[in-house]
2 protein chains.
Amino acid sequence: MQGLDDNDLKILELLQRDGRATHAAVGKAVGLSAPSVYARIQRLEKSGVIRGYAAQLDPAGVGRGLAAFVRVTTRAITASEEQDEFERFVLAEPLILECHDVDGEDSYILKVRAATLESLRDLLARIRGIAAVSRTVTSIGMVTIKEEGVAPLPANGPGASRGKRS
Amino acid sequence: MQGLDDNDLKILELLQRDGRATHAAVGKAVGLSAPSVYARIQRLEKSGVIRGYAAQLDPAGVGRGLAAFVRVTTRAITASEEQDEFERFVLAEPLILECHDVDGEDSYILKVRAATLESLRDLLARIRGIAAVSRTVTSIGMVTIKEEGVAPLPANGPGASRGKRS
DNA sequence: GTTGAAAAGACAGGTAG
DNA sequence: CTACCTGTCTTTTCAAC
């Protein structure tokens with residue numbers, strides 16, 4: 001289900017930076033006509049490469065200036081049902097923006113944005129109340145240096161997926 | 001610099017979920033006319049609450065399926081210039097999507113999305129090569145359970161910042 | 001905040017390379 | 001099969017109220 005040429009990648013990069021860029025503007029940047037760009041975007045949306053579009057909000061502006069990362073450890077012998085309970089909780093909890101199942105010492109890493117320390121404290125208490133959870137370690141964010149969405153990698157740099165030589 | 005009423009919050013929530021929702025559709029949801037919604041959006045953009053709009057891309061679809069979180073510890077006695085060097089590196093590095101200055105045991109938490117383990121390994125080597133960095137701990141993401149942007153909190157729940165009555 | 005109108009963009013043909 | 005062109009419809013945007 002893949003086959004992105006350079007034009008596709010450029011379009012994705014532009015839309016990632018400005019989700020409301022017009023087809024004409026994008027077309028000008030890649031050297032294509034607006035309808036052609038439209039057709040490509042349509043294809044990228046249907047194939048799932050473009051999941052959707054979102055307004056990027058200022059966390060502090062919507063009263064959620066407090067960022068925190070929570071490393072969650074689950075009990076060694078945890079039933080599948082208990083895992084599900086934890087993941088259901090995560091999906092339903094608005095304060096939790098991200099949840100990643102990770103390897104290594106921890107089981108999950110959560111990204112949280114709350115309004116106050118009190119609400120964060122309350123959230124942590126509820127997390128620890130879940131049967132599968134044995135331990136949490138929380139890091140409070142002081143400053144956000146960088147925070148952006150995933151974009152196509154620019155070129156055949158160190159992290160590029162392309163450029164595999166035979 | 002603030003003063004978001006319920007309509008603003010609803011508009012922000014809708015635009016967060018669908019950054020391309022038309023003014024008319026948003027207006028219908030909040031009970032306002034399209035130009036009125038437009039005026040509010042304009043105000044929210046100028047005040048900085050809306051930072052912009054972005055297409056949400058499938059990480060695997062753009063060849064960056066490998067997620068990782070890197071906890072970075074800096075040396076106890078680190079000059080301001082060295083801190084700056086690290087932050088400049090972070091801002092310039094496309095593989096690093098997020099960087100948060102945190103308290104606690106660690107100094108920074110990075111969110112990384114790379115193409116391969118090899119490119120991640122290369123990135124970690126470069127991070128460790130920075131003078132200010134003394135130690136890194138990396139967690140590889142197995143599954144992403146949840147991953148979304150910040151939105152206004154729905155109501156006066158546990159994490160709400162509002163509730164101040166006039 | 002609303003209604004109404006002009007400008008701009010999105011979208012669906014049809015056409016050519 | 002892919003991209004461009006043209007016409008129509010929608011959306012945005014600005015005006016007056």
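To find a chain, count down the sequence lines: A is the first, B the second, and so on, and within it residues start at 1.
Rounded to whole angstrom, the span from the CZ atom of A/R40 across to the P atom of C/dA10 amounts to 17 Å. At whole-Å resolution of the value, CG in A/N7 and P in D/dA3 are 8 Å apart. Regarding A/L32, its CG atom lies at a distance of 16 Å from the C1' atom of C/dA10, rounded to whole Å. Distance CG (A/L44) to C1' (D/dT2): 15 Å, rounded to an integer number of Å. Remark: P of C/dA10 and CD of A/Q42 are 12 Å apart, rounded to the nearest angstrom. In this entry the distance linking CD1 of B/I41 with P of C/dG1 reads 12 Å, nearest Å. Rounded to whole angstrom, the span from the NE2 atom of B/H23 across to the P atom of D/dC14 amounts to 11 Å. Rounded to an integer number of Å, the gap from B/R43 CZ to D/dC14 C1' is 18 Å.
The side chain of B/P35 approaches C/dG4 more closely than any other nucleotide in the set C/dG9, C/dG4, D/dT11. Taking every side-chain heavy atom of A/Y38 into account, C/dC11 is the closest of C/dC11, D/dC4, C/dA10. Side chain of B/T22, nearest nucleotide from D/dT12, C/dG9, C/dG1: D/dT12.
With hydrogens and angles left out, the side-chain atoms of B/Y53 and B/E45 include a donor and acceptor closer than 3.5 Å. With no hydrogens or angles considered, a side-chain donor-acceptor pair links A/T136 and A/R128 at under 3.5 Å.
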Check: Between B/R43 and B/D8, is a salt bridge (Lys or Arg N to Asp or Glu O under 4.0 Å) present by the stated rule, with each step listed?
Finding: CA-CA 10 Å; B/R43 182 167 53 75; B/D8 288 326; 3.1 Å; yes
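Within the nucleic acid shown, A/S36 comes within 4.0 Å of sugar-phosphate atoms alone, with no base atom in reach, counting heavy atoms only.
Of the possible polar contacts, one joining the B/K146 side chain to the A/L91 backbone as a donor-acceptor pair under 3.5 Å is found.
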